[in-house]
Amino acid sequence: MAAHPTTSFPVMTQHIAFDAIARARLPALLRAMPKAELHLHIEGSLEPELIFKLAKRNGVTLVYPSVEALRAAYAFTDLQSFLDIYYAGASVLLHEQDFFDLAWAYFERAAADNIVHAEIFFDPQTHTARGVPIEAVIQGLSHACRRAHAELGISAKLILCFLRHLSEDDALATLDAALPHRHHFIGVGLDSGERGNPPEKFARVFAKARAAGLHVVAHAGEEGPPEYIRAALDVLGAERIDHGVRCTEDPDLVARLARERTPLTVCPLSNVKLCVFAALADHNLPALLDAGLCATVNSDDPAYFGGYLNQNFVETFAALPRLTARDAYTLARNSFEASFAPESDKARWIAALDHAFAHA
Ligand code: HPA
Ligand code: ZN
């Protein structure tokens with residue numbers, strides 16, 4: 001008997017009676033289906049309650065008098081208005097234990113959302129700029145990843161993001177400081193304010209990261225133009241594009257992304273909170289799927305944007321009735337195919353996904 005192929009997935013889709021799945025059953029199915037999260041900033045999972053707890057523990061003074069007052073400030077007009085409050089919130093993170101507690105809180109929520117694999121962004125420069133040693137950041141997060149695997153069965157990996165509003169020299173110094181801890185992270189990414197900070201600015205640091213064998217992803221086409229998506233691919237060597245929703249302004253680019261099966265890590269609730277789309281009903285996720293793109297659904301900064309991964313799925317499907325059970329399957333399957341996990345893990349998760357849909 002032939003051995004199981006390791007490079008192609010067991011294709012069971014044709015045995016799933018998607019059309020027989022009633023729309024009323026979709027929310028439960030969206031919640032129950034196994035899924036991967038590929039676009040999650042761990043600092044963006046810092047809930048107001050934990051901000052206040054850590055502020056007290058670490059003697060940090062906050063400008064907001066209460067959890068409610070802080071939450072009330074979460075009314076954003078664009079990416080920068082969010083980033084200002086997001087970096088302020090992260091100022092309570094000082095010690096290795098704080099980073100562990102932050103990530104562990106996310107993993108408990110991830111387990112409840114049936115996330116079986118997570119590739120998590122962290123922003124070391126947000127912390128090293130305040131004097132926090134990079135070791136405290138990486139060790140605390142990595143410890144939580146190991147424990148998530150051991151105790152929750154979640155496969156969890158870290159991706160180090162460079163802040164694009166800072167200089168490339170700062171990013172290079174960060175990479176040099178992180179490389180001794182190379183075994184704790186699988187890739188590098190690019191986040192923070194997109195406008196005026198094109199991917200080209202970081203050509204050298206991404207070349208160095210690629211040479212170190214790291215995976216490469218980059219935020220592009222959230223607020224920035226389609227040219228930033230092209231530059232992320234061509235200059236940085238990005239294997240996935242984070243957000244990428246503005247690609248639809250450039251049909252040639254859409255055709256290329258479809259042809260090359262470049263995954264897009266789409267974040268619907270984030271896009272509405274940051275006014276990329278006026279409402280979920282206006283989101284272009286259906287158009288991305290229609291174009292044959294490898295789109296995925298993710299939560300980005302769930303503590304700030306109104307929900308974790310299952311909330312993103314359920315609210316997006318409720319707002320866009322043209323999304324079907326087959327689309328739910330496709331999005332979850334894409335999340336596994338787009339991940340950097342070993343092929344054997346992908347095949348196992350996709351088999352579990354098939355099972356969830358075959359018995360829906
Ligand atoms: N875009 C850019 N930078 C970020 C984001 C985002 O959505 N979230 C956290 N940092
Ligand atoms: Zn993001």
Side-chain angles (χ1 to χ4, degrees), residues 36-47 51 74-91 93 99 102-103 106 118-129 137 141 157-166 170-171 174 187-199 201-202 215-225 228-229 231-232 236 238-247 263-277 280 283 285 295-309 312 335 338:
E37 174 135 75
L38 306 177
H39 185 158
L40 177 280
H41 302 264
I42 199 64
E43 294 89 348
S45 72
L46 183 52
E47 292 285 344
I51 290 181
Y74 293 178
F76 313 116
T77 51
D78 61 5
L79 176 57
Q80 192 57 52
S81 65
F82 154 68
L83 291 171
D84 292 342
I85 205 157
Y86 162 85
Y87 294 130
S91 68
L93 297 161
F99 291 92
L102 167 67
Y106 166 72
E119 295 177 9
I120 294 167
F121 299 143
F122 69 109
D123 289 343
Q125 289 156 295
T126 302
H127 314 297
T128 53
V137 181
L141 297 177
K157 304 291 169 192
L158 297 172
I159 295 179
L160 183 160
C161 282
F162 303 113
L163 299 181
R164 67 202 301 159
H165 67 276
L166 301 178
D170 205 306
T174 302
V188 294
L190 186 63
D191 64 5
S192 189
E194 190 179 1
R195 284 197 193 112
N197 294 301
K201 183 175 161 186
F202 298 94
H215 286 292
V216 169
V217 299
H219 282 57
E222 177 187 20
E223 283 193 342
Y228 282 24
I229 299 175
L236 304 185
E239 299 163 78
R240 287 199 302 250
I241 298 294
D242 297 313
H243 293 294
V245 290
R246 285 193 59 191
C247 70
L264 302 185
T265 61
V266 177
C267 306
L269 288 178
S270 162
N271 290 155
V272 173
K273 277 281 179 188
L274 301 189
C275 307
V276 175
F277 295 97
L280 274 180
H283 201 284
L285 181 62
T296 63
V297 168
N298 305 272
S299 70
D300 206 6
D301 301 283
Y304 294 89
F305 297 153
Y308 286 76
L309 188 49
N312 270 270
S335 76

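Counting starts at 1 for both ligands and their atoms, following the listed order.
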Run the ring-centre check on Phe162 versus Phe202 and record whether the distance is less than 6.0 Å.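 No: the rings miss the under 6.0 Å criterion.
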Centre-to-centre under 6.0 Å for Phe82 and Phe305, is that the case here?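 Yes, they do, as the ring centres are separated by less than 6.0 Å.
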For ligand 1, list the protein residues that place a heavy atom within a distance below 4.0 Å of one of its atoms, sorted by chain and number.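 Residues near ligand 1: His41, Leu79, Phe82, Leu83, Tyr86, Asp191, Ser192, His219, Glu222, His243, Asp300, Asp301.
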Does Arg240 pair with Glu119 as a salt bridge, N-O distance under 4.0 Å?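 Answer for the salt bridge query: yes.
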Any side-chain heavy atom of His127 within less than 4.5 Å of one from Glu43?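 Yes; the side chains approach each other to less than 4.5 Å.
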Just wondering, do Leu158 and Phe122 contact through their side chains at under 4.5 Å, heavy atoms?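 Yes - at least one pair of side-chain heavy atoms lies under 4.5 Å apart.
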Could you please spell out the steps behind the side-chain contact (heavy atoms from CB on, under 4.5 Å) verdict for Val245 and Glu222? CA-CA 6 Å; Val245 290; Glu222 177 187 20; 5.7 Å; no
Partner of Asp191 by side chain to side chain donor-acceptor pair (under 3.5 Å), out of His41, His165, His219, His243: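 Single side chain to side chain donor-acceptor pair (under 3.5 Å) partner of Asp191 among His41, His165, His219, His243: His41.
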Minimum-distance atom from the Zn ion (ligand 2) among N, O or S atoms of His41: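 The nearest such atom is NE2.
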Restricting to N, O or S atoms of Asp300, which is nearest to the Zn ion (ligand 2)?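 Considering only N, O and S atoms, Asp300 comes nearest to the Zn ion (ligand 2) through OD1.
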I'd like to know: is the Zn ion (ligand 2) within the 2.8 Å range of an N/O/S atom from His39, strictly under that distance?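 Within the cut-off used here (under 2.8 Å), His39 does place an N, O or S atom near the Zn ion (ligand 2).
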